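Reminder, nothing fancy here: chain letters follow the sequence lines and each chain counts from 1. Both backbone and side-chain heavy atoms feed into the values below; hydrogens, waters and symmetry mates do not. Predicted, not measured: the structure shown is a model, and the values here were computed from it.
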Amino acid sequence: MPAPLYLSLSAVLFALGTVGVLVRRSALIVFMSVELMLNAVNLTFVTFARLRGGVDGQVLVFFVLVVAAAEVVIGLAIIVNIFRARETVDVDDVDLLRG
Amino acid sequence: MEAVLFAITAVLGVAGGVGVIAARQPVHSALGLLLALLSLAVDYLLLDAQFVAVLQVIIYAGAIVVLFVFIIMLLRATGDAPRARTAVPPRAAAALGAVLAAALLAAALTVRTEPGGVGADYGTVEQVGRALFGPYALPFEAASIVLVVGMIGAVALGKRAQAIAVAPARAAPGVRAQDAPASRLAAGGAGEPEG
């Protein structure tokens with residue numbers, strides 16, 4: 001089990017998520033890209049947990065899962081509210097705070 | 001065997017990731033996310049993390065992706081509208097992503113530690129559960145509070161959707177949600193100080 005392979009997969013997925021956040025304008029897809037980045041980090045946690053032979057990394061993955069679940073629930077509720085108010089989920093159209 | 005499985009999951013995972021960011025229809029993005037999440041679950045199994053693999057399938061693939069699909073259905077969301085200018089040019093974003101991937105890969109390839117053997121009970125529900133309820137008992141309780149607050153927040157946001165989100169548009173009576181630019185102007189004008 002070569003650890004660098006798993007870490008490389010994690011790196012590629014994280015970079016893909018970053019590109020998704022930057023190029024997509026639909027708030028839903030930006031959100032999915034963030035989930036992809038969270039999962040890439042989870043893979044890193046599990047890989048290092050296996051390297052060290054302890055389960056602390058897996059416990060951290062559990063907490064990341066909990067926070068991701070709460071984040072998705074709140075985030076999607078906010079997206080639905082934005083859609084109700086503006087009929088769009090395009091992040092470039094929601095710029096009330098722009099100076 | 002393990003190398004073959006890893007190669008398959010790596011290809012599927014990267015394909016799913018590309019699908020998330022490249023698909024035109026949000027539903028296809030959600031399916032790409034599902035593909036990436038499931039192949040990551042197989043990777044967790046390869047890393048002897050059974051409990052995390054099961055959590056991944058139940059919570060991520062089961063709950064979170066279904067939630068995304070529900071919202072896509074609810075909003076009847078379509079892809080990005082075509083637009084002349086985007087905030088970040090796709091080429092620049094792709095270059096940035098390539099640089100980030102190269103940096104992370106370079107860091108990943110410096111890891112020289114070889115994994116040692118682990119006992120048969122490594123990564124089982126029992127072992128992770130003992131860690132969760134032993135040294136991590138306090139963070140575990142905090143996690144339950146996070147979940148409860150998330151639930152209450154979602155209910156509150158869902159109930160008071162009109163009151164919260166439409167506040168600027170409602171400031172000017174008669175302004176419909178469809179006239180977003182007009183309502184934005186009205187809200188901006190009302191918000192500015194007089195002097």
Q: Among B:Leu105, B:Val149, B:Leu37, single out the residue with the greatest number of heavy-atom pairs under 4.5 Å to chain A.
A: B:Leu105
Q) Counting heavy-atom pairs under 4.5 Å to chain B, which of A:Ala68, A:Gly53, A:Ala11 comes out on top? A) A:Ala11
Q: Pick one of side chain, backbone, both or neither for B:Ala142, based on which atoms fall under 4.5 Å of a heavy atom in chain A.
A: neither
**Q.** Structural part of B:Ala30 lying under 4.5 Å from a heavy atom of chain A
**A.** both
Q. Any side-chain heavy atom of A:Val67 within less than 4.5 Å of one from A:Phe63?
A. no
(Q) Under a 4.5 Å cutoff for heavy-atom pairs, which residue among B:Val118, B:Val20, B:Leu132 has the most contacts with chain A? (A) B:Leu132
Q.
Below 4.5 Å, heavy-atom pairs only: which of B:Gly13, B:Gly123, B:Ala94 has the largest tally toward chain A?
A. B:Gly123
**Q.** Option in A:Val21, A:Thr88, A:Val73, A:Val91 with maximal non-hydrogen atom pairs under 4.5 Å from chain B
**A.** A:Val73
**Q.** For the student: nearest non-hydrogen atoms of A:Val23 and B:Pro90, plus distance
**A.** CG1-CA, 3.9 Å
Q) For B:Ala36, is it the side chain, the backbone, both, or neither that has a heavy atom closer than 4.5 Å to a heavy atom of chain A? A) side chain
Q) For the candidates B:Val14, B:Val146, B:Thr9, which exhibits the highest count of non-hydrogen atom pairs separated by less than 4.5 Å from chain A? A) B:Val14
Q | B:Phe68, part contacting chain A, at a heavy-atom distance under 4.5 Å | A | both
Q.
Can you tell me which portion of B:Val18 sits under 4.5 Å from chain A's heavy atoms? Options are side chain, backbone, both or neither.
A. both
**Q.** Top contributor to chain A contacts, counting heavy-atom pairs under 4.5 Å, from B:Ala92, B:Pro139, B:Gly32, B:Gly16
**A.** B:Pro139
Q.
For a 4.5 angstrom cut-off between non-hydrogen side-chain atoms, does A:Phe62 reach B:Val52?
A. no
Q: Measure B:Ile59 against the heavy atoms of chain A and call it side chain, backbone, both or neither at under 4.5 Å.
A: side chain
Q) chain B heavy atoms under 4.5 Å from A:Val66: which part of the residue, side chain, backbone, both or neither? A) both
**Q.** Engaged part of A:Thr18 at the chain B interface, taking heavy atoms whose separation is under 4.5 Å
**A.** side chain
Q. Judged by atom type as modelled, is there a donor-acceptor pair below 3.5 Å linking the side chain of B:Tyr122 to the main-chain atoms of A:Gly54?
A. yes
Q) Is a side-chain donor or acceptor of B:Arg112 paired with a backbone partner of B:Leu109 at a separation under 3.5 angstrom? A) yes
Q) Side chain, backbone, both or neither: which part of B:Phe6 has a non-hydrogen atom closer than 4.5 Å to chain A? A) side chain
Q. Who are the side chain to side chain donor-acceptor pair (under 3.5 Å) partners of B:Arg130, not counting sequence neighbours?
A. B:Glu126
(Q) Please find the pair of heavy atoms, one from B:Leu38 and one from B:Ala61, that lie closest to each other, and give the distance. (A) CD2-CB, 3.8 Å
Q.
I want to check something: taking the side chain as every heavy atom from C-beta on, are B:Val57 and B:Val54 in contact at a cut-off of under 4.5 Å?
A. no
Q) Does the side chain of A:Leu51 come within less than 4.5 Å of B:Val111's, by heavy atoms? A) yes
Listing, residues 30-46 of chain A side-chain donor-acceptor contacts under 3.5 Å, not counting sequence neighbours, or none:
unit_1: A:Ser33; atom_1: OG; unit_2: A:Ile29; atom_2: O; d: 2.9
unit_1: A:Glu35; atom_1: OE1; unit_2: B:Tyr60; atom_2: OH; d: 3.2
unit_1: A:Asn39; atom_1: OD1; unit_2: B:Gln56; atom_2: NE2; d: 3.0
unit_1: A:Asn39; atom_1: ND2; unit_2: A:Glu35; atom_2: O; d: 3.0
unit_1: A:Thr44; atom_1: OG1; unit_2: A:Ser10; atom_2: OG; d: 2.7
unit_1: A:Thr44; atom_1: OG1; unit_2: A:Ala40; atom_2: O; d: 3.1

Q | Segment of B:Phe140 engaging chain A (4.5 angstrom heavy-atom cut-off) | A | both
Q | Atom group of B:Leu67 that falls short of 4.5 Å from chain A, counting heavy atoms | A | both
Q) Where on A:Leu9 is there a heavy atom nearer than 4.5 Å to chain B: the side chain, the backbone, both, or neither? A) side chain
Q: Specify the closest pair of heavy atoms between B:Ile64 and A:Ala69, including all atoms of both residues, with the distance to one decimal.
A: CD1-CA, 4.1 Å
Q. Are B:Val148 and A:Leu76 linked, directly or through other ILVMFWY residues, by side chains that come within less than 4.5 angstrom of each other?
A. no
